[in-house]
2 protein chains.
Amino acid sequence: MTRTTYHHGALRQALIDGAREILAEGGHEQFSLNEVARRAGVSTAAPYRHFSGKDELLAAVAEQGYATLHASLERASADTADVRERLLRLAGAYVRFAHDHPDLFVTMFRSRPGADPVGHDSFEVLLQAVVDAQATALIPAKPSPELMARSIWATLHGLAVLSLRQPHQRFGMDEPPEDLATSTLSAMFGL
Amino acid sequence: MTRTTYHHGALRQALIDGAREILAEGGHEQFSLNEVARRAGVSTAAPYRHFSGKDELLAAVAEQGYATLHASLERASADTADVRERLLRLAGAYVRFAHDHPDLFVTMFRSRPGADPVGHDSFEVLLQAVVDAQATALIPAKPSPELMARSIWATLHGLAVLSLRQPHQRFGMDEPPEDLATSTLSAMFGL
DNA sequence: ACCTGAACACCGTTCAAGT
DNA sequence: ACCTGAACACCGTTCAAGT
């Protein structure tokens, strides 16, 4: 009920926050631009001063997601110098991100392609770890770092998506999400 | 404009077909239950005699997707007796399915979890190939078939999702979709 | 049994008007 | 410059009524 006057684009951030709130509560089913406006205490037309429409607001949410994911991966990567440990922590961090922020994760991979770099920065972090892992012969040097990183990225993404969808079936929740990633990766490369 | 009278649940299938048509044309953005009814030449209330609502119609579409995927994998699996070849063809078939039927693929993995077995049958096909591949020492016998199949499934799913999203970036379209899968798999296991 | 017609609350978006 | 109020076409869903 605090209908303070918004200034300097404070409404813009309030709308993004409100959108995340709704997505976290009820997912994309529940989401509506009118509801976002309502929560911010403004008219349904107000958001159009800050976003071209619903899609652009969701794109802004997705962008926050890319940034958050990148930060998570950087943190995991900086944690340790050991190459094997670093690779596994990166893997764990990716899947954990999806489980910690399903609202962001789903939004990131729902928006129409083209606009998003799908975590360009994030891919670079993984790529560097792969380069190092190949240099120390931890994993095969054969496919190029790019291709290898792509394969690993796809695996992590698949694990994240599938484990998010069916927690109790084959993509278990018995093990915590990051263990799912690390065990899968170490199984594939015999780490 | 053929407003024939529907009988014996012929409308049900007509609605599913119409839904697929719309999804194939304009994706989920474009989809609406009213539009489906319009295309079938019935009132907007008519679909409710056959489906509890929009979600149930989409679930029916998803089910057709699961069946189609399963059939594709069976066909790929039956094609050859050579274990290596079979595994690679299965991998190719999964990613190819996503590219051949993006409307089905997206719908399958969009519906709320719980209801779907995420291609229970399909997983069994892959599982069998993994069992055979482990038996002939084509791939490591170490992680259980279940875990190994899960890892491979996740990889294929990730490749499908990501290549569908960004055809021209890192998950290339230079190579046809099935090559993406086979090359990734052979890279991981050195096949 | 299956479908229509009309209605309801809600949505995304637009635009003239206010301050 | 930023927001409101009112409007538009459209959506998902319901329900009495028709055949």
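Reckoned from all heavy atoms, side chains included, excluding hydrogens, waters and symmetry mates. Naming convention: chains lettered A, B, ... in sequence-line order (proteins, then strands); numbering from 1 in each chain.
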Novice: A:Glu29 CD to D:dG12 P: how many Å, rounded?
Specialist: 13 Å
Novice: Nearest-Å distance, CZ (A:Arg12) to P (D:dC3)?
Specialist: 13 Å
Novice: Could you tell me which nucleotide pairs with C:dC8 by Watson-Crick or G-U wobble geometry, both distances under 3.5 Å, or answer none if nothing does?
Specialist: D:dG12
Novice: Please report, rounded to the nearest Å, how far the P atom of C:dA1 is from the CG atom of B:Leu11.
Specialist: 17 Å
Novice: For B:Gln134 versus B:Pro145, what's the shortest heavy-atom pair and its separation?
Specialist: OE1-CG, 3.3 Å
Novice: May I have the distance from A:Leu15 (atom CG) to C:dT13 (atom P), rounded to whole angstrom?
Specialist: 14 Å
Novice: Of all the heavy-atom pairs spanning A:Arg96 and A:Pro177, show the shortest one and how long it is.
Specialist: NH2-CG, 4.5 Å
Novice: Would you kindly compare A:Ala46 and B:Ser52 by the position of their nearest DNA chain D nucleotide and give the one closer to the 5′ end?
Specialist: A:Ala46
Novice: Check A:Glu25 with A:Arg39, please: is the shortest side-chain N to carboxylate O separation under 4.0 Å?
Specialist: yes
Novice: Once you round it to whole Å, what is the distance between C1' of D:dG12 and CD1 of B:Ile22?
Specialist: 14 Å
Novice: Under 4.0 Å: is that the gap between some side-chain N or O of B:Asn34 and OP1 or OP2 of D:dG12?
Specialist: yes
Novice: Does B:Ser32 have a side-chain nitrogen or oxygen under 4.0 Å from the phosphate oxygens OP1 or OP2 of D:dG12?
Specialist: yes
Novice: Which listed nucleotide (D:dT13, D:dA6, D:dT4) is nearest to the side chain of B:Leu33?
Specialist: D:dT13
Novice: Rounded to the nearest Å, what distance is computed from the NE2 atom of residue A:His50 to the P atom of nucleotide D:dA1?
Specialist: 13 Å
Novice: Can you label the angle between the A:Tyr94 ring and the A:Trp153 ring as parallel, tilted or perpendicular, going by 30° and 60°?
Specialist: perpendicular
Novice: Return the value, rounded to whole Å, for the distance between atom CG of B:Leu57 and atom C1' of D:dC11.
Specialist: 15 Å
Novice: Looking at C:dG5, D:dA6, D:dT13, which one has an atom nearest to any side-chain atom of B:Ala45?
Specialist: C:dG5
Novice: Any salt bridge between A:Glu85 and A:Arg89, counting N to O under 4.0 Å?
Specialist: yes
Novice: Which of the following nucleotides, D:dC11, C:dC3, C:dT13, is nearest to the side chain of B:Arg49?
Specialist: C:dC3
Novice: Please report the distance, rounded to the nearest Å, between OH in A:Tyr48 and P in D:dT4.
Specialist: 14 Å
Novice: Quick one: look up who C:dG18 pairs with, Watson-Crick or G-U, both distances under 3.5 Å, and put none if it's unpaired.
Specialist: D:dC2
